[in-house]
Amino acid sequence: MADKKWLPRWFYQLASPRWCYDITGKLLPIFVIAAVLTLVVGTVWALAFAPADYQQGNSFRIIYIHVPSSILAQSCYMLMAVAGAIGLIWKMKVADMVAKCCAPIGASIAILSLATGAIWGKPTWGSWWVWDARLTSMLILFFLYLGVIALNSAIESERTAAQSTAVLALVGLVNIPIIKYSVDWWNTLHQPATFTLTERPAMPSEMWLPLLVMVIGFYCFFAVAMMLRLRNEIIQRERRSSWVRALMTN
Amino acid sequence: MSDSMPNRPAVDAMITECRLDGPFWGALKRELLLSYRRKSDLVNPLIFFLMVATLFPLGVSPDPTFLADVAPGVVWVAALLATLLSMDSLFRSDFEDGTLEQILLSPQPLYLVVLAKVLAHWMLTGLPLTILAPLLGVMLFLPGDGMWGLVLSLLLGTPTLSLVGAIGAALTVGLRKGGVLISLLVLPLYIPVLIFGSAAVQGAVTGLPLGGYLAILGAMLSLGLVLAPLAIGAALRISVSG
């Protein structure tokens with residue numbers, strides 16, 4: 001019984017900006033420590049200790065930035081669309097704010113993924129950019145983020161902006177499966193997925209373990225960036241409420 | 001009926017007319033009638049389409065073999081831009097004179113009314129563009145084999161462009177400067193249609209089977225027909241209430 005009651009209460013509490021502000025304040029230090037630890041351990045392990053690739057030599061090491069950022073850019077879009085849908089359906093203020101905070105973070109991570117891909121492409125494929133399905137669909141994802149940001153800043157009313165961008169994000173969701181399966185549907189230059197949940201990776205464990213650490217590190221970093229932005233957004237939107245005033249005057 | 005403020009009997013007649021024909025045909029008839037009264041707006045996207053296609057031989061190279069190579073892409077890009085350009089006015093005048101609010105308040109299903117508006121838009125831009133496309137193909141030295149591919153791919157692709165563009169138009173109808181924003185929102189979603197549309201024409205030129213490309217364009221169209229009116233309706237409600 002206790003468990004049954006706990007879930008809805010937790011869900012409703014999440015809708016309260018004040019509760020959300022408090023809980024993110026408590027969680028933030030944990031995620032900062034986790035992000036710093038995993039990113040430092042992952043980077044050192046990846047750059048210094050992981051074995052070099054037998055074909056690509058040391059140039060393959062950019063995979064440790066490229067793969068996590070690509071995965072994260074797509075997850076971030078999913079989060080934005082899901083948060084937007086929650087905001088649209090249950091009219092939850094915090095969900096609107098989460099969706100709004102996702103767009104700039106996602107856009108910067110998508111550009112990181114594209115840039116590292118270009119740097120990796122130069123030594124391996126001989127060119128910075130190829131018009132291949134994976135790269136093009138990732139570029140579209142970046143454009144979608146830009147569209148969401150542009151629409152959000154063009155509409156003055158916060159509520160309308162949140163609703164409109166939620167609709168746009170949901171429409172743009174069709175692109176996510178295209179990115180994901182582009183390497184399977186078309187014969188592309190880009191290699192197939194590095195990680196799948198069901199199979200063992202094709203590379204030795206000395207190579208993929210640091211990658212896994214880096215992926216976790218990127219997610220922790222995303223959580224930190226998200227919470228910082230969200231707390232900022234909460235303070236800004238709730239500036240007229242008594243608890244924010246009390247917080248600011250203390 | 002010719003001036004901008006129709007008198008009472010005329011309004012009553014229009015209401016009865018709509019009732020008799022149902023919401024879909026009523027809305028379609030209204031759109032077509034309104035557009036017929038502003039004939040110059042109908043021709044503008046077509047002129048734009050012709051002009052963009054003229055820029056390429058002048059700007060890049062008038063060499064026939066080069067033009068034949070790029071013709072599928074150029075015609076498709078020109079059609080896409082012409083559709084995009086006409087998108088902003090889709091809901092704008094209805095929003096400004098309050099008709100849109102009345103449509104949202106009316107008991108008629110919004111899905112059908114929206115679908116009728118988009119269909120009317122396609123009949124007045126996408127369809128003429130498709131009919132005009134072979135002329136551009138000839139101007140750009142597209143080989144004769146490619147003409148059917150061009151017409152068929154545009155016939156299946158331009159309705160999708162209208163449907164997706166209408167989502168952008170509905171999202172930005174409440175904003176004063178919606179024009180550039182629509183392109184930012186809609187162009188990324190147009191890319192898949194462009195890829196398969198121009199690939200179909202390339203395929204037709206080189207003698208490859210077209211079925212696959214046309215099937216994908218048809219799949220995108222059916223997905224758009226089912227889902228886009230829902231998104232357009234939701235976006236219109238948000239824009240009008242905001």
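Chain identifiers are assigned alphabetically (A, B, ...) following the order of the sequence lines, protein sequences preceding nucleic acid strands; residue numbering begins at 1 within each chain.
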B:Ser183, part contacting chain A, at a heavy-atom distance under 4.5 Å: neither
Might you confirm whether atom CZ of A:Phe221 has over 12 heavy atoms from other residues, nucleotides or ligands at distances under 6.0 Å? no
B:Phe49 atom CZ, neighbour heavy-atom count above 12 within 6.0 Å: yes
Let me confirm one number: the CG-CG distance from B:Leu185 to A:Leu146, rounded to the nearest 0.5 Å. 11.0 Å
Based on non-hydrogen pairs under 4.5 Å, which of A:Gly147, A:Ser164, A:Ala166 is most in contact with chain B? A:Ser164
Apply side-chain contact (heavy atoms from CB on, under 4.5 Å) to A:Ile155 and B:Leu171, showing your working. CA-CA 10 Å; A:Ile155 305 176; B:Leu171 284 172; over 6 Å; no
Would you check, one step at a time, whether the test side-chain contact (heavy atoms from CB on, under 4.5 Å) holds for A:Leu88 with B:Ile238? CA-CA 10 Å; A:Leu88 213 54; B:Ile238 294 166; 4.2 Å; yes
Distance in Å, A:Trp131 CH2 paired with B:Ile195 CD1, rounded so as to fall on 0.5 Å steps: 9.5 Å
I need the single residue from A:Ile140, A:Asn175, A:Leu144 that forms a side-chain contact (heavy atoms from CB on, under 4.5 Å) with B:Leu189. Which is it? A:Leu144
Of the backbone (N, CA, C, O) and the side chain (C-beta and beyond), which part of B:Ile167 lies under 4.5 Å from a heavy atom of chain A, both, or neither? side chain
Rounding to 0.5 Å, atoms CD1 (B:Ile191) and CZ (A:Phe143) come to a distance of 6.0 Å
Need one label for A:Leu151: side chain, backbone, both or neither, based on atoms under 4.5 Å from any heavy atom in chain B. both
When you look at CH2 of A:Trp243, are more than 12 heavy atoms from neighbouring residues, nucleotides or ligands closer to it than 6.0 Å? yes
